[in-house]
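Numbers here are sequence positions counted from 1.
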Amino acid sequence: MTENLSILGSTGSVGTQALEVVDELNIPVDALAANSNINLLEKQIRKFFPSKVCVYDEKSAKILKDNIKDTSTKVYSGMDGLCDIVSKNSSDTVLTSISGMIGLVPTLEAIKAKKNIALANKETLVVGGEIVTREAKKQGVKIFPVDSEHSAIFQCIQGIESPQDIKRLILTASGGPFFGKKLSELKNVTVHDALNHPNWTMGKKITIDSATMMNKGLEVIEAAWLFNMDPQQIDVIVHRESIIHSMVEFKDNAVLSQMGIPSMKVPIQYALTYPERKISSSQSLDFTKYNKLTFYEPDCETFKCLKICKDAIKIGGTMPTAVNAANEEAVSLFLNGKISFLQIQEIVEFIFKNHKPQKINSLYDILNTDENIKKLVLKKFNSN
Ligand code: MN3
C-alpha cells in the first residue's frame, strides 16, 4: 500500500482521477508535475500541499511561481526539474501519467531513487522496456500497471505460482470509434470524429491511438515487458462493451477475466493499494444492464498499426522506439491538421519498413532513435 505519492502528469486524465483516488484514500502527495496547465496545477497545490511541483514549460513555471508565492511549494521546470522532483521526494511510489516517450527519463530516475512505479505511461516500456525492467529489478522496486488491460491481467495472475502455467494473455480492445469501417470509409475522417471514443474519456494522444488501434499495439509491447511474455502469447480481441478489461488463459484452458464498468479509478486505485483492496467510489457492475457481451477478431487489414507493433517487438532493438516515434509525430501532425487520419498508419508503416533496427546498449540509443525518426517524419510528411 502506497504511503506517499508523487504524480507526473497530474493535470491529465489519469492524473486528475488519481488525485480523486488519493483524496478518497487520504494518501499524502509530495510532488506533482504538469506540462503547462498551471491553473489546474495551482488548484491541486492548494488542495494537496505538495512540497514541490514541476512545470515542464519554463514560461508557465515562472508564472506559477509568482502565483503561489504565498505557499511553501517549490516550483521546478523542464526535464531537469522533472528528474529532480522524482528523485528528491519523500514518496514511496511515483505515478507516471505523462503522455509519450518523454516519460522514459523521469521514470528511470524514479526507479534509480528506489521508488515503486505506478505506470500509466505505456511508451516508457514500449521504448525502454529492456532498460526499465532491468533497472527495476536491480533497485528492487515494483512496477504496478495502471493501464486498465494490464491491471486486469495483473489482477488475474495474483497467486499464480508458476509463470509457465500461463498459456496466453488476451488483451481486450474497444475497437475505437471506427470499428467495422473499411479503408475507403476512413479517408475523410476528421480530428473531431477520431476524438469521439465510445467508452473511455482520455487524453487526445491516446484517443487517436485508440482510433488507429496503435494503442492496442503499444499495449501488446507493454504487456510483453510487464509480464515477461513472448509476444506470440499475447492475443488481442475486440470487445465493444469494455466490460471485460482483459483475460488470462492458463495451460488447462481455464480463463480468468477482470470485469467492471469502464473507469480508470479501479486500476489506479489497485496500483496504489496493492496488495490490499479498498472501497472505491467507482460504479458497481450491473450485469442485467448488459444482456450480451460481444467479441470480434481485430481487423488488421484496415488498422495496420496493431500488426506493425507486434512485428516490431519481435524484431526488438530500436524498432519499437522507431515505430513509437513515428506514431507520436504522426498523431501530432494529424491533431494539427497537417495530415489525414490514414496517413498516421502510412507513416508508421513507412518507418517500420525503412528503419534499420539496432541493439539498444544504453538510454542514448533510444533517445537518439526517437529524435532522428521524429525529425525524419517531420521533414518528409509536414509539407502538405
Ligand atoms: Mn489501455
Side-chain angles (χ1 to χ4, degrees), residues 1-56 60-61 64 67-68 70-76 82 85-86 88-99 103 106-107 110 115-121 142-148 150-152 154-155 199-203 206 245 258 260-285:
M1 169 95 197
T2 300
E3 278 169 16
N4 187 303
L5 184 69
S6 288
I7 303 178
L8 305 186
S10 68
T11 57
S13 172
V14 169
T16 49
Q17 292 177 82
L19 282 171
E20 286 174 34
V21 171
V22 154
D23 198 25
E24 287 161 20
L25 299 177
N26 277 315
I27 298 173
V29 171
D30 191 45
L32 296 175
N35 181 33
S36 61
N37 188 349
I38 51 172
N39 290 334
L40 181 53
L41 185 59
E42 182 176 343
K43 282 185 193 141
Q44 296 176 342
I45 291 167
R46 295 189 186 280
K47 181 158 187 197
F48 294 97
F49 311 108
S51 72
K52 42 189 99 51
V53 298
C54 177
V55 182
Y56 192 73
S60 313
L64 179 73
N67 293 352
I68 59 157
D70 60 308
T71 71
S72 58
T73 301
K74 264 190 91 177
V75 182
Y76 295 71
L82 261 183
I85 69 155
V86 287
K88 296 173 201 139
N89 61 62
S90 53
S91 304
D92 53 347
T93 305
V94 174
L95 169 68
T96 59
S97 51
I98 357 183
S99 154
T107 304
K115 313 289 183 190
N116 288 326
I117 304 296
L119 186 89
N121 172 258
K142 293 205 166 78
I143 300 177
F144 298 115
V146 170
D147 207 345
S148 61
H150 305 74
S151 174
F154 183 62
Q155 292 178 59
N199 302 341
W200 299 91
T201 314
M202 307 173 288
I206 186 174
H245 300 313
Q258 186 263 329
I261 298 284
S263 159
M264 283 309 291
K265 272 195 165 178
V266 180
I268 291 168
Q269 177 166 311
Y270 190 66
L272 301 183
T273 64
Y274 174 88
E276 295 171 44
R277 287 192 185 264
K278 300 276 180 194
I279 289 169
S280 166
S281 65
S282 61
Q283 241 184 303
S284 178
L285 174 60

Does a side-chain heavy-atom distance below 4.5 Å link [X] with [Y]?
X: V22; Y: L272; result: yes
X: Q155; Y: R277; result: yes
X: K278; Y: M1; result: yes
X: D147; Y: P267; result: no

Between [atom1] of [X] and [atom2] of [Y], what distance do you get to the nearest 0.5 Å?
X: N116; Y: D92; atom1: CG; atom2: CG; value: 6.5 Å
X: L8; Y: I98; atom1: CG; atom2: CD1; value: 5.0 Å
X: L64; Y: I38; atom1: CG; atom2: CD1; value: 5.5 Å

Partners meeting side-chain hydrogen bond (donor to acceptor under 3.5 Å, both in side chains) with [X] (sequence neighbours left out):
X: S148; answer: none
X: N4; answer: S91
X: S99; answer: none

Would you please name every residue forming a side-chain contact (heavy atoms from CB on, under 4.5 Å) with [X], sequence neighbours left out?
X: T16; result: L40, Q44
X: A110; result: V86, V94, K115, I117
X: S280; result: Q269, S282
X: T73; result: I45, P50, V53, I68, T71

Any residue meeting ring pair (Phe, Tyr, Trp, His ring centres under 6.0 Å) with F48, in chain and number order, not counting sequence neighbours: none
Salt bridge (charged side-chain N to carboxylate O under 4.0 Å, His left out) involving [X] - partner list, sequence neighbours excluded:
X: K142; value: none
X: R46; value: E42, D70
X: K74; value: none

Among pairs that include at least one residue of residues 21-34, which meet side-chain hydrogen bond (donor to acceptor under 3.5 Å, both in side chains), considering only residues two or more places apart or in two chains?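 Non-adjacent pairs meeting side-chain hydrogen bond (donor to acceptor under 3.5 Å, both in side chains): D23-K47, E24-K265, E24-S281, D30-S51, D30-K52, D30-S90.
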Polar side-chain atom of H245 near backbone of S151 as donor-acceptor pair, under 3.5 Å: no
Could you check whether any side-chain N or O of S13 sits under 3.5 Å from a backbone N or O of G203, counting only pairs where one atom can act as donor and the other as acceptor? no
